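Everything numeric here is computed off the predicted structure, so don't read it as measured data. Whatever order the structure lists ligands and atoms in, that order sets their numbers, starting from 1.
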Amino acid sequence: MPYDPTSQSNIDELKTNHIHLDLTVDFSAKTLTGSAELELEAIADNVSKVVLDTSYIDVRSVTSNGKALQFNLAERHEKYGSALAIEMGTTLSKGTKTKVIVKYATTQDCTACQWLEPSQTVGKKYPYLFTQCQAIHARSLLPCQDSPSIKLTYSANITTPLRAVMSAVAIGEDQHAGDKTTFKFEQKQRIPSYLIALAVGNLQGREIGPRSTVWTEPEVLETAAWEFVDTENFIRTGEALLTPYDWGRYDLLVLPASFPYGGMENPCLTFVTPSLLAGDRSLVDVVAHEIAHSWMGNLVTTENWEHFWLNEGFTVFVERKIIGRMKGKEHSEFSAILGKKSLQESVDLYGQDHPFTALRPCLRGEDPDDSFSRVPYEKGFNLLYYLEKHLGGAEVFEPYLRAHVQEFAGRSINTDDWKAFLYAFMDKTFGQEKIDLLNKVDWEAWLAGTGMPPVDNRFDDTLAKACTCLCKKWDDSRQTNPPTGFAADDIKDFSSTQKVVFLEKVSELEPLPHGHLDTMDKLYELTNVRNSEIRLRWHLLCLKADYEKIYPEVVGFASSMGRMKMCRPLLRSLYKAKNGAELARETFIKHRSFFHPIAAAMIAKDLGLSK
Ligand code: BES
Ligand code: ZN
């Protein structure tokens with residue numbers, strides 16, 4: 001029986017096999033109107049009710065076989081929305097299939113949707129809509145069993161004045177009627193509701209590989225196509241490591257700047273932030289990450305958000321395997337070093353005893369967005385990295401990874417399922433020797449323990465050394481004003497990740513004198529850097545030193561970059577910096593409509609504007 005504390009649907013009585021969406025996009029009203037047809041199957045006897053998750057959805061009618069059904073929209077649960085209880089008027093026995101059609105419209109409050117004014121797009125001429133359903137926002141896009149334990153196929157007809165794309169494959173001819181077109185889509189693989197995704201805007205596509213098109217506004221199409229040329233190589237490397245890529249297409253959609261994440265693994269169509277467009281292909285690891293989700297998360301899915309690490313920890317592990325194979329081991333290990341640092345920051349932010357720092361937290365009554373941090377990513381990665389080493393290296397672990405995908409493809413699993421199969425595979429393939437090793441793992445500490453991981457993995461620091469070295473030189477120079485012995489050439493051979501690590505290391509020191517920051521900026525041209533990851537670290541370093549010269553830059557960056565990884569720490573740091581608190585709040589309030597509803601809610605909490 002699936003368990004999901006963050007869904008109000010009766011997932012223990014029914015499952016959804018297919019959903020057909022028929023929606024019209026209205027940019028002036030900022031609504032989607034139409035219907036969702038759910039094909040349901042009873043998985044228990046005596047089922048008389050269908051309870052669906054909804055959030056801020058205006059339900060107009062519910063029918064089955066042309067007959068109206070009674071329904072009740074419950075009072076809103078603060079975090080989980082309003083349960084829609086539909087009386088079937090009959091009792092279903094186990095195995096019985098039925099269909100319900102819900103006519104509905106979304107409202108202004110639906111958190112899955114962001115409606116952008118033309119001024120908020122690159123081209124400034126056309127409006128834009130995009131959705132973001134992970135973790136529990138699908139319920140504000142459509143009434144559904146909004147739990148990753150339920151996997152379904154879907155199809156959709158989307159009628160709109162601008163091009164629509166979805167996490168599915170486009171089918172049939174587009175039908176034109178007046179100034180509107182109906183686009184048709186089909187997702188033939190079973191997916192969880194959080195992977196349903198839609199974007200509508202002035203979109204153009206350009207082929208970048210045999211199964212890949214990049215979609216974006218025409219103004220950035222060229223840049224985007226150039227940045228992501230390595231996509232096919234990432235997919236092939238993933239296939240060599242795991243199983244053949246099973247989703248047909250792998251397209252990319254580069255969104256407007258308010259997209260709240262780095263990337264989102266919507267099947268057939270990964271969504272990415274435009275902050276990856278660095279002009280030097282240095283930030284495309286995010287694409288390797290989203291491709292890795294094609295197996296980890298999209299094929300093998302977490303049963304509920306308490307086991308989110310099965311999605312993200314496994315994905316980071318595969319992402320770093322892909323990077324290791326393509327660029328060399330020192331690169332993947334370098335990324336692991338950076339990851340460990342970000343894990344430490346998450347642990348520090350929550351506090352080392354906080355329940356959300358456990359790999360498998362309890363989410364009963366919690367909003368998964370609040371528990372989101374680097375913990376499932378990096379603690380999960382560190383567990384798998386440790387297990388690989390402990391069990392005998394890649395020769396043992398890579399066959400296991402592939403078997404894990406083959407065993408669980410198409411299913412939703414929890415940590416116990418994962419562990420049981422790990423034991424079974426090791427036993428069957430290698431025998432008692434590996435079981436003895438597995439029995440030595442401190443499972444309790446890894447899975448339930450809070451704070452940093454119980455084992456401190458060591459990573460190859462070849463690429464980190466130069467960063468540490470230069471950082472020390474700056475630290476040692478603090479008594480000399482102005483600092484001497486530095487030159488632009490110091491970082492000439494640094495990759496952009498090395499620049500990031502250098503700046504992070506300097507951030508760990510006591511703040512440098514402002515004159516030093518002036519010199520560093522002049523030599524390394526940090527304020528004018530295009531690379532968003534470097535810019536972020538530079539701003540954070542300056543904020544920590546109360547270097548007020550940077551404040552206008554921070555305001556500009558934080559109010560035009562909706563990726564939460566960037567705008568949240570920037571606004572939090574500005575809020576804490578000398579004379580920064582009011583400025584941080586003002587900046588947020590002034591630009592509130594720029595931010596995605598999910599980001600706006602999180603920032604409001606960060607800045608003490610809501611609880
Ligand atoms: N699936 C996540 C994004 C996500 C997680 C959205 C939870 C909503 C709730 C995506 O795959 C991801 O992890 N993105 C990262 C990029 C990455 C390289 C670690 C991001 O957005 O920073
Ligand atoms: Zn991910």
Ring pair (Phe, Tyr, Trp, His ring centres under 6.0 Å) evaluation trace for Phe595 with His591: CA-CA 7 Å; Phe595 293 103; His591 297 278; 7.5 Å; no
Does any donor atom in the side chain of [X] or [Y] lie under 3.5 Å from an acceptor atom in the other side chain?
| X | Y | answer |
| --- | --- | --- |
| Ser7 | Ser9 | no |
| Thr270 | Glu265 | no |
| Ser335 | Arg320 | yes |

Name, closest N/O/S atom of His293 to the Zn ion (ligand 2):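 Going through the N, O and S atoms of His293 one by one, NE2 ends up nearest to the Zn ion (ligand 2).
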Gln352 CD: over 12 foreign heavy atoms closer than 6.0 Å: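 Check fails, neighbour count at 12 or below.
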Angle, OE1 of Glu312 through the Zn ion (ligand 2) to NE2 of His289 - 10° precision: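 Taking the Zn ion (ligand 2) as the apex, I get 100° for this pair.
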Sole residue of Phe372, Tyr194, Tyr80 in ring pair (Phe, Tyr, Trp, His ring centres under 6.0 Å) with Trp305: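 Of the listed residues Phe372, Tyr194, Tyr80, the ring pair (Phe, Tyr, Trp, His ring centres under 6.0 Å) partner of Trp305 is Tyr194.
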Inter- and intrachain pairs under side chain to side chain donor-acceptor pair (under 3.5 Å), touching residues 228-241, at least two apart: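 Listed once each, the pairs are Arg211-Glu232, Arg211-Glu239, Asp230-Asn233, Glu232-Arg236.
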Contact residues of ligand 1 (heavy atom under 4.0 Å), by chain and number: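 Lining ligand 1 at under 4.0 Å, by heavy atoms, one finds Gln132, Gln134, Tyr261, Gly262, Gly263, Met264, Glu265, Val286, His289, Glu290, His293, Phe308, Glu312, Phe372, Arg374, Tyr377, Arg563.
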